[in-house]
Amino acid sequence: MEELRNTYSEAETAELFATGDSEVVLEAPQQPKRKKRGLKHVENLIGWVYISPMIIGILVFTAIPLIMSIMAMFYDWIPTKMLWDSKFVGMQNFKDIFGGLEAEYYWEAIGNTFIFVIQLPIGLILGMFLALAMNRDMRGVQAFRVIYYLPGVMSVVAVSIIWQKLFDSSETGTINTFLMKMGASHIEFMNNKGWITFVVTLLLVWKGVGYTTLMFIAGLQSVSTDQLEAARIDGANAWVILIKITMPALYPIIFYLFVTGLMGALQMFNEPYILLGNRAWFMETAVGFVYRQFNDGFLGLASVGAWVLAIFIFIVTAIQMYVDKKKQEAE
Amino acid sequence: MDEILKEEENVEDVSFVEEETPAQPAPVSKKKGVNHKLVTDIIVTVALALGSVVMLLPFIWMVLATFKPYDQINTTFFPRTWTGEGYKEMWETCNVITRNTGGIMRGFLNSLITTVPVVIIQIIVSAFAAYAFAKLEFVGKNVIFLVMLGTMMIPFSVIMLPQAWLFGRLQLTKGPLAVIIPKFFGSITTVFFLRQFFYSIPDSISEAARLDGAGYTRTFLSVLLPLVMPALATQGILSFIGNWNDYLGPLLFIRNQEWFTLPLLVDKLNSDGGSLEFVPRVLAASLVSLIPIIIVFAVFQKKIIGSIVFSAVKG
């Protein structure tokens, strides 16, 4: 390799000699530069080796499925057949989703998904109050942070089952027994969309509020103490400080939590699906619809459903990127 | 990580001192200020304590319910008669579900198999990629990184169907491999997170090692990797919790009851019997499935909570 390079540079030098003399002077420091390029070559190779598992993973487990799911939208793909052996149906799957047989169920599922988003603002407001309460120097705050975060790390199956048993629709359900003891009549929690929304929201807020609180506490601690001090010297009261200084400092975190929360909420599946159990169809989410179509063997229809949902998610992502860009420009 | 936490605590202390020391030097008003703080502290503590009860009550109810006969589930809060019947039934029913291959213990084993190797290999692969993206120069680096960030935007619900079909075709859904294999190829979020850590290490450190004659891999393994070990550990713990609790992935990719992970097993047990007699055994299974997570959280809660604080500051 080294030899080859020397010959090359010799030949080049000869050539330069022939063409013009002013270039020759520049040729001299070329040698170390060449060596560095040799090193670069190794670095290039090593870099690619290090990221190669990830590239293979993305190609096999993201890119190929992605292409397949795009193609699947135009096929009547059933699981026992290869995609390309299935019947090409053109826009039939789209027609089913937008106005055909499945339209009613699909758009109801999308609607349900958006109804469940209500947990997001509730969780954010509650989380902010908790963060304000816990961002104090007093005994036990550390323990409170741990306790409030605890449901967040628990298995979604286990906690959904607990809530399913607590809010059982029958008269022997835990909450219902309690209600009847208090003289109230029993509530069919799982037979009414309003009550299902209530229970699911309660579950999601309970499970997620610890995380929100911790994020807000971190945000509160980044509020400049100089600014707070200055405001206090100016005689601002606690309420004014909260509205004028603390809240603006939290906007980035509120925005971040809302956007990521919305993306998660649009893909909600686990909690309502497990909570409703064998009545999952009663208040299905969009991913629930996709999963049901998949289970019934309608892969083409399921793909259209998944992609329409994805468009909603892409819109949220685009808004986030736009705002981030604006923010960067402002800085 | 711990340092970050400590720093945060210090900041908190400072802000508090400033908050509670009024500008007026008058001793009377100072005393009044302290009392005012004490009263607020008590009110806040009581409110938070009441909230804690709400947060913990479902768990406490569950633990107590596993020790009750089923007819006491909803009539009393504390068991009038303590019984281990729920656990015995859970053991037997789980045995039936897993077709006598070990019941709940088989579920444990399945969960371990689909979690521990995945976490270890995923973290190692991600660390190599993160190092490459942060510290090495190679052709197409920025383009590939952007593409990887782009793939993060693709919702799982879009690619899960062809994946599930593909794994079904390859007969992988009969075992645990369909859950395990895709995760061997690293996690983009972990790469993103670790890349920040590698950036924060000055280049002079790795250059010094390279001058001593160490190659790229040696430099990475013996110099840089130890420096980011705390971050790796945190990512590993978070990944373990996420994988252990995962539901939709195994639901799609494991179609053989013998290989059901704990969440799937508990879910199956629950959906098989909806009547009141089943409640103690279902809750017992839920509780057992939570034990590893409770242990991990108890041991690493500082690290876990610290990582959230860290991500908030970054985000």
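Below, chain A is the first sequence line, B the second, and so on; all start at residue 1.
- Side-chain N or O atoms of K141(B) include none that pairs as donor or acceptor with a backbone N or O of A134(B) at under 3.5 Å.
- Only the backbone of T80(A) comes within less than 4.5 Å of a heavy atom in chain B; its side chain stays farther off.
- Only the side chain of F269(A) comes within less than 4.5 Å of a heavy atom of chain B; its backbone N, CA, C and O stay farther away.
- Of the atoms belonging to I313(A), it is side-chain heavy atoms, and not backbone ones, that fall under 4.5 Å from chain B.
- Using a 4.5 Å cut-off between heavy atoms, E137(B) contacts chain A through both its backbone and its side chain.
- With 3.5 Å as the limit, one finds a donor-acceptor pair spanning the side chains of Y50(A) and T217(B).
- Neither the backbone nor the side chain of Q293(A) comes within contact range of chain B; no heavy atom of the residue lies under 4.5 Å from a heavy atom of that chain.
- Only the side chain of L252(B) comes within less than 4.5 Å of a heavy atom of chain A; its backbone N, CA, C and O stay farther away.
- The part of T317(A) that comes within reach of chain B is its side chain, from C-beta onward, which places non-hydrogen atoms under 4.5 angstrom from that chain.
- Here V146(A) is the residue among D324(A), V156(A), V146(A) with the most heavy-atom pairs under 4.5 Å with chain B.
- Your options are A310(A), G277(A), P151(A), and the one with the most heavy-atom pairs under 4.5 Å with chain B is P151(A).
- Comparing I161(A), L214(A), I70(A) by heavy-atom pairs within less than 4.5 Å of chain B, the highest count is held by I161(A).
- For chain B, the nearby part of I55(A) is the side chain; its heavy atoms alone come within less than 4.5 Å.
- In this structure, chain B has no heavy atom under 4.5 Å from any part of F255(A).
- Interface remark: K207(A) contributes no atoms to any contact with chain B (heavy atom separation under 4.5 Å).
- Using bins of under 30°, 30° to 60° and over 60° for the plane-to-plane angle, the ring pair F167(A)/W163(A) lands in the parallel bin.
- For chain A, no part of Y70(B) is nearby; none of its heavy atoms comes within less than 4.5 Å.
- Heavy atoms of F184(B) lying under 4.5 Å from chain A are absent altogether.
- Contact of L309(A) with chain B is made through the side chain alone, with heavy-atom distances under 4.5 Å.
- Of the listed residues L48(B), D41(B), D267(B), the one with more heavy-atom pairs under 4.5 angstrom with chain A than any other is L48(B).
- For A72(A), no part lies under 4.5 angstrom from a heavy atom of chain B.
- With a threshold of 4.5 angstrom between heavy atoms, V49(A) does not approach chain B through any atom at all.
- Interface summary for chain B: among V287(A), T260(A), L83(A), I46(A), the most heavy-atom pairs under 4.5 angstrom belong to I46(A).
- Contacts between N295(A) and chain B at a heavy-atom distance below 4.5 Å involve the side chain alone, from C-beta outward.
- Using a 4.5 Å cut-off between heavy atoms, I162(A) touches chain B through backbone and side chain atoms alike.
- Looking at M71(A), there are no atoms closer than 4.5 Å to chain B (heavy atoms on both sides), in backbone or side chain.
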